[in-house]
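Notes for the one structure printed next.
First listed ligand is number 1; within each ligand, the first listed atom is number 1.
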Amino acid sequence: MKILVTGFDPFGGEKVNPAFEAVKMLPDKIAGAEIIKMEIPTVFSKSWRAVEDGIRKYDPDVVVNVGQAGGRAHVTIEQVGINLADARIPDNDGEQPLNQPLQPDGDTAYFATIPVRAMVQNVRSHGLPCSISYTAGTYVCNCVMYNVLYLAAKKYHGLKAGFIHVPYAMEQLIGKDASTPGMSLRDIAASLEYALETIASGGEEAMGPVHGGQGTIC
Ligand code: PCA
């Protein structure tokens, strides 16, 4: 199995993006699956096209895109991408779409096709907090999640995809309000690794409840 894992470049005045920093720390193989790592731009129009270039180049079985959700306290696995771009701040190219559909002919929303609940449970079973999120926001992360699921539905049949949001890394908290949550890059990377392990080992979606935690800020 081949899993394409992407992380964004820094945005919003941050010096690093913990998503790509943690992706870089992942091993090249997880539970027998090949892990292909790629950095993508935090730009509405370019981000998902870069992922599509990666899909064409590497022909992965699964795509997992990873982004920063500053203000969340731990790693969250996204359940749904919505057909809406509504940017709070301009992206890295100055684009700021407001209240626009991402794909005029796309569904209102697509659910992740990776085993979200089983992934959350596996991360938790290794002693790290993790939860499902029911909103990936309306910025570039949601744009990528939605568009990759749209591409899988329309063009790359059989491709599975989903999105993981990670909190600020500890070093990003310096100078921020003392109540701002974050995690060490090592724990973020470990959480990603356990989440990907579930996919790599062919984990089926768990049916049990995995409530608790958080997932509204990004
Ligand atoms: N986080 C942003 C976009 C890039 C990133 O890492 C988001 O949550 O939309």
Side-chain angles (χ1 to χ4, degrees), residues 4-26 37-54 63-103 109-110 112 116 130-150 161-173 176 180-185 187-189 191-192 195-196 213-218:
L4 175 62
V5 186
T6 73
F8 290 91
D9 62 0
F11 70 101
E14 296 294 329
K15 288 198 186 65
V16 294
N17 190 319
F20 189 56
E21 295 306 311
V23 166
K24 281 192 284 187
M25 291 166 72
L26 292 173
K37 305 162 195 176
M38 226 178 99
E39 186 177 27
I40 61 172
T42 303
V43 176
F44 277 93
S45 55
K46 294 180 181 164
S47 54
W48 62 277
R49 292 193 171 91
V51 182
E52 187 174 15
D53 289 345
V63 176
V64 177
N65 305 108
V66 186
Q68 166 192 296
R72 291 192 190 175
H74 52 249
V75 168
T76 51
I77 322 276
E78 298 293 347
Q79 170 80 39
V80 59
I82 63 173
N83 193 2
L84 182 70
D86 197 29
R88 174 178 57 85
I89 51 171
D91 67 19
N92 286 351
D93 270 3
E95 293 176 26
Q96 190 171 14
L98 298 172
N99 197 24
Q100 284 173 25
L102 291 164
Q103 295 289 351
Y110 293 105
V116 173
C130 186
S131 56
I132 302 182
S133 158
Y134 300 102
T135 174
T138 54
Y139 195 51
V140 184
C141 287
N142 174 71
C143 167
V144 165
M145 179 178 184
Y146 179 88
N147 275 304
V148 175
L149 289 163
Y150 169 89
F163 198 99
I164 302 179
H165 260 125
V166 306
Y168 284 133
M170 284 303 179
E171 47 270 46
Q172 292 176 279
L173 302 186
K176 288 194 172 66
T180 310
M183 263 171 106
S184 71
L185 273 177
D187 282 345
I188 294 174
S191 303
L192 291 182
L196 294 170
Q214 49 153 26
T216 47
I217 316 159
C218 62

Can you list the atoms of ligand 1 that are under 4.0 Å from a heavy atom of [X]?
X      : value
Asn17  : 5 (C), 6 (O)
Thr42  : 3 (C), 4 (C)
His165 : 7 (C), 8 (O)
Val140 : 3 (C), 9 (O)
Gly67  : 6 (O)
Phe11  : 1 (N), 2 (C), 4 (C), 5 (C), 6 (O)

Contact partition for Tyr139 relative to ligand 1, non-hydrogen atoms under 4.0 Å: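 Both parts.
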Proximity of Cys141 to ligand 1 by residue part, where a heavy atom lies under 4.0 Å: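 Both of them.
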Minimum side-chain heavy-atom gap Glu78-Cys141 below 4.5 Å: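 No; the side chains remain at least 4.5 Å from each other.
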Nearest-0.5 Å distance that lies between atom SG in Cys143 and atom OH in Tyr150: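 Rounded to the nearest 0.5 Å, the SG-OH separation comes to 12.5 Å.
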Gln68, any N or O under 3.5 Å of ligand 1 N or O: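 Among all N and O atoms of Gln68, at least one is under 3.5 Å from an N or O of ligand 1.
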Aromatic ring pairing Phe44/Tyr139, orientation class (parallel under 30°, perpendicular over 60°, tilted between):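 It falls in the perpendicular class, over 60°.
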Cationic N near anionic O, under 4.0 Å, Glu21 to Lys15: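 Answer for the salt bridge query: no.
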Where at least one partner belongs to residues 138-148, residue pairs that pass salt bridge (Lys or Arg N to Asp or Glu O under 4.0 Å), sequence neighbours excluded: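 Pairs touching residues 138-148 that pass the test: none.
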Residues in side-chain contact (heavy atoms from CB on, under 4.5 Å) contact with Asp187, at least two apart in sequence or another chain: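 In terms of side-chain contact (heavy atoms from CB on, under 4.5 Å), with neighbours along the sequence ignored, Asp187 is linked to Leu128, Met183, Ser184.
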Distance-only side-chain donor-acceptor flag, Gln68 / Glu14, under 3.5 Å: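 Looking only at side-chain atoms, Glu14 and Gln68 do not form any donor-acceptor pair under 3.5 Å.
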